[in-house]
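If you're wondering where the values come from, they're calculated on a predicted model, not measured in any experiment.
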Amino acid sequence: MSTPAPVPELFSWEFAADPYPAYAWLRAHAPVHRTRLPSGVEAWLVTRYADARQALADQRLSKNPAHHDEPAHAKGKTGIPGERKAELMTHLLNIDPPDHTRLRRLVSKAFTPRRVAEFAPRVQELTDRLVDSFAARGSADLIHEFAFPLPIYAICDLLGVPREDQDDFRDWAGMMIRHGGGPRGGVARSVKKMRGYLADLIHRKRAALPAEPAPGEDLISGLIRASDHGEHLTENEAAAMAFILLFAGFETTVNLIGNGTYALLTHPAQRARLQESLGRNGTGGLLETAVEELLRFDGPVELATWRFATRPLTLGGQDIAAGDPVLVVLAAADRDPARFTDPDTLDLARRDNQHLGYGHGIHYCLGAPLARLEGRTALATLLTRLPDLRLAADPADLRWRGGLIMRGLRTLPVEFTPVGEPAARP
């Protein structure tokens with residue numbers, strides 16, 4: 001009788017660089033697997049597509065950390081560092097219906113296809129301005145100089161953060177995504193600073209709010225208006241909503257742009273295919289399916305955010321006890337050969353692509369239309385304006401950020417033929 005192969009090591013630096021072989025082993029041998037996370041919390045990892053899709057929509061799996069069976073002191077290990085002390089818990093990632101339904105309805109109008117389409121010229125303006133800042137130099141770090149600032153400034157505009165304050169937000173957000181790369185306690189301090197700023201901004205906007213909304217009113221003003229007109233939105237809820245839209249709305253897009261660009265640079269035939277399509281069709285043609293495939297192949301969210309069993313249940317043949325945390329591994333599900341043909345192959349023309357990169361069910365990512373717009377704009381602009389873009393480092397030397405939920409590069413150094421100084425923009 002042969003000895004079963006040992007479970008691969010999870011959550012090491014080597015694992016972070018390429019988790020997909022370990023996920024393939026889990027799908028084959030332990031598709032719903034209980035493990036101890038780096039924080040010390042024990043949780044179930046769900047890795048097959050069918051089980052993942054079921055879990056994401058299962059109402060027995062609550063988003064509310066109050067259902068966690070760990071002692072109270074451990075609950076701080078299952079969310080965003082510092083959100084509990086900063087009173088920012090009442091956001092869409094931590095609540096269930098009916099509160100989730102009410103709060104999601106309030107902000108959903110900011111992410112309608114029409115509103116996102118109206119925002120497209122601003123996203124293009126931001127994208128061009130960032131490329132302008134390094135195009136003449138012939139080199140750049142695409143994470144810090146491009147993928148990171150683009151969604152920060154875009155979501156700040158959408159929320160209504162004044163332009164003169166947006167660099168502060170950029171600094172706080174930068175600390176929040178370092179995941180251990182910064183000073184100890186830096187994430188919690190940044191969350192606290194952001195909470196204080198948002199409380200002050202809500203007070204200022206409430207005092208200056210006009211009687212009637214202007215077309216395209218910013219999202220924070222819309223939240224205040226709703227809370228002042230019978231929607232029962234508390235100040236804590238408004239601040240928590242603004243916070244999570246900022247937090248969830250920028251890091252996912254940083255990683256979509258970063259991971260997507262890296263995948264294209266390391267798959268030259270696919271990159272050439274996309275550039276040819278862009279030259280022939282502009283932003284039509286292959287671009288839309290390309291972004292969906294990049295989301296599937298190496299998406300920005302590795303594990304869906306925390307869920308907790310409200311009662312005993314069976315998932316993928318495993319009995320899960322009430323109070324147990326469950327983490328759906330989107331990155332594993334989206335490489336499941338039972339669902340995707342040649343799942344480890346990057347195919348920008350893939351049509352049958354119902355990936356789970358932005359989740360599934362009532363917690364499907366609210367900002368997905370904006371993230372897709374930013375991803376399409378960023379990739380099309382880079383490949384068009386810097387056609388010979390290439391990696392300036394050995395892929396083996398690149399480092400991926402630590403952290404449980406997100407998947408993204410720390411840096412992405414690139415080189416290209418310098419482009420002349422841009423004409424002054426209005």
Shortest non-hydrogen pair, Leu37 vs Ala43, comes out as CD1-CB, 4.0 Å
Throw together a table of side-chain donor-acceptor distances under 3.5 angstrom for residues 308-322, partners on residues two or more places apart or in other chains.
from   : atom 1 : to     : atom 2 : distance (Å)
Thr310 : OG1    : Arg60  : O      : 2.9
Thr314 : OG1    : Asp319 : OD1    : 2.9

State, yes or no, whether a side-chain contact exists between Glu217 and Leu209 at a heavy-atom distance under 4.5 Å. yes
Do the non-hydrogen side-chain atoms of Met406 and Glu302 ever get within less than 4.5 Å of each other? no
Side chain to side chain donor-acceptor pair (under 3.5 Å) with Trp44: which residues, sequence neighbours excluded? Asp324
Give a yes or no on whether a salt bridge exists between [X] and [Y], defined as a side-chain N under 4.0 angstrom from a carboxylate O.
| X | Y | value |
| --- | --- | --- |
| Arg372 | Glu288 | no |
| Glu118 | Arg114 | yes |
| Lys193 | Asp171 | no |
| Glu276 | Arg273 | no |

Who passes side chain to side chain contact (heavy atoms under 4.5 Å, CB included) against Arg351, sequence neighbours left out? Thr289
With sequence neighbours left out, the residues meeting side chain to side chain contact (heavy atoms under 4.5 Å, CB included) with Lys205 are Leu201, Asp218, Ile220, Ser221, Ile224
What side-chain hydrogen bond (donor to acceptor under 3.5 Å, both in side chains) pairs are there with at least one residue in residues 239-249, not counting sequence neighbours? none
Pairwise ring pair (Phe, Tyr, Trp, His ring centres under 6.0 Å) hits with a residue in residues 315-350, at least two apart: Tyr49-Phe340
Which is it for Phe250 and Tyr153 under the ring pair (Phe, Tyr, Trp, His ring centres under 6.0 Å) test, yes or no, and what are the steps along the way? CA-CA 9 Å; Phe250 86 88; Tyr153 293 138; over 10 Å; no
